[in-house]
Structures are given as C-alpha cells and as structure tokens.
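Working notes, beginning with the structure itself.
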Amino acid sequence: MIAIDTNILVRFLLSDDKKQSEKVYKFFKDTESKNDEIHVPILVIIELLWVIESVYEIERKDIINSLDQLILMPIFNFEHLSAIQEFVVDAKNNNYDLSDLLIAHTAPNSKCSFIITFDKKASKHDLFKLLK
C-alpha cells in the first residue's frame, strides 16, 4: 500500500489543474483495477479541510459532502476512518471549525477524553475543554 499527499486529493476534488487532475484520475483508476488501496493519513484530511476552506473558499456544506463521498470510495484506506465518519455527521449539525472538529474526533482513538484549548468557541463542544 502507498499513501497520498493532500495535493492529490485537492486535484481530485477540485480539478483545478487539468493536467494534474487527469494524472490523479488515471492513478486512481489504475489502483482500482489492481484491487490496491491508497492510505490516507488523518493529517492529509486535516490539511485538505484547511486548504479547500481557506485557500479555495469552498462552502462548508460542499466540503462536508465531498468528504462524505470520498470516504465511501473503496480504493482509500483512511487512518481513523471511524473518527472521520463521526466528524462528518457532527460537522453537518454545527458551525465549529472543521479542522478543530476533526482533531477532536480523533482524540478518543488515542484514548483521550477531550482536548484542552484556548479557543472559546471550540470549548463549547463536548470534545473540548477551555484552559482557564
């Protein structure tokens, strides 16, 4: 198995560079035809959220829906898949920062009960606690 970088998923989701996007599509099709998998580290997903929200200014609902569809693709082996799935459900029902929210959903996988933060908005979520 191999892993991918954030820019591969950006090209796949946004097709903002035609030449690179075509290479990504071909790579994914080849991977699928070989019944191989592509590992997607959680850090790639966190960076992906930040990039498509901050740099490309994609709307939140579109980001969440894209990730929801991405995790259904059988060629991907997502690190912390259950956390990503829980994140998608949670993100549809609130306005917390997407990257913060995904980080919070990965904490239980490391046997952490919550995340300490100075972020007052994030601290209103059950997975965060404000450091006073």
(message) Can you tell me how far apart CG (L9) and CZ (F28) are? Round to the nearest 0.5 Å.
(response) 5.5 Å
(request) Establish whether L127 and I103 are linked, either directly or via other cluster members, by ILVMFWY side-chain heavy-atom contacts under 4.5 Å. (result) no
(request) Please round to the nearest 0.5 Å and tell me the distance separating atom CG of L101 and atom CD1 of I64. (result) 8.5 Å
(request) Quick one: which residue pairs count as a salt bridge (charged side-chain N to carboxylate O under 4.0 Å, His left out) with a foot in residues 86-103, not counting sequence neighbours? (result) D68-K92
(message) Rounded to the nearest 0.5 Å, what separates atom CD in Q69 from atom CD1 in I71?
(response) 9.0 Å
(request) Supply the members, apart from V89, of the Ile/Leu/Val/Met/Phe/Trp/Tyr cluster built from side-chain contacts under 4.5 Å; use none for a lone residue. (result) none
(request) Hey, could you give me each pair passing salt bridge (charged side-chain N to carboxylate O under 4.0 Å, His left out) that has a residue in residues 115-132? Not counting sequence neighbours. (result) none
(message) Let me confirm one number: the CZ-NE2 distance from F76 to H39, rounded to the nearest 0.5 Å.
(response) 12.0 Å
(message) Looking at K26 and D30, is any side-chain nitrogen of the basic one under 4.0 Å from a carboxylate oxygen of the acidic one?
(response) yes
(request) Return the minimal non-hydrogen interatomic distance between D17 and Q20, and the atom names on each side. (result) OD1-N, 2.9 Å
(message) Any non-hydrogen side-chain atom of I46 less than 4.5 Å from a side-chain atom of T106?
(response) no
(message) Is there a path of hydrophobic side-chain contacts, each under 4.5 Å between heavy atoms, that joins L72 and I4?
(response) no
(message) side chain to side chain contact (heavy atoms under 4.5 Å, CB included) for I45 and F87? Distances and angles first, verdict last.
(response) CA-CA 11 Å; I45 298 301; F87 156 79; 5.9 Å; no
(message) Show, in sequence, the C-alpha distance, side-chain angles and deciding distance for L102 and I84, and conclude whether the side chain to side chain contact (heavy atoms under 4.5 Å, CB included) test is met.
(response) CA-CA 7 Å; L102 181 54; I84 296 170; 4.1 Å; yes
(message) Please say yes or no: joined through hydrophobic side-chain contacts below 4.5 Å, possibly via intermediate residues, are L70 and L14 part of one cluster?
(response) yes
(request) Tell me, with the steps shown, if I42 and F78 meet side chain to side chain contact (heavy atoms under 4.5 Å, CB included). (result) CA-CA 7 Å; I42 195 69; F78 288 91; over 6 Å; no
(request) Determine, stepwise, if the pair R11 / D16 fulfils side chain to side chain contact (heavy atoms under 4.5 Å, CB included). (result) CA-CA 6 Å; R11 297 295 92 76; D16 60 330; 2.7 Å; yes
(request) Would you name the heavy atoms of I115 and A104 that are closest together and state the gap between them? (result) CD1-CA, 3.4 Å
(message) Using 0.5 Å steps for rounding, measure from the CG atom of L49 to the CD1 atom of I58.
(response) 12.5 Å
(request) Measure across M1 and I38 and return the closest heavy-atom pair with its distance rounded to 0.1 Å. (result) SD-C, 4.2 Å
(request) Could you tell me which residues satisfy side chain to side chain donor-acceptor pair (under 3.5 Å) with N95, sequence neighbours excluded, listed by chain and number? (result) none
(request) Run through the side-chain heavy atoms of Ile, Leu, Val, Met, Phe, Trp and Tyr, join any pair under 4.5 Å, and report what else lands in I116's cluster. (result) F114, F118, L131
(request) Starting at CE of M73, measure out to CD of E32 and round the result to the nearest 0.5 Å. (result) 7.0 Å
(request) Give a yes or no on whether the backbone of A91 and the side-chain of R60 come within a donor-acceptor separation of less than 3.5 Å. (result) yes
(message) Can you pull out every salt bridge (charged side-chain N to carboxylate O under 4.0 Å, His left out) where at least one residue sits in residues 37-57? Sequence neighbours excluded, please.
(response) none
(message) Can you give me the closest heavy-atom contact between S15 and Y25, atom names plus distance?
(response) OG-OH, 2.8 Å
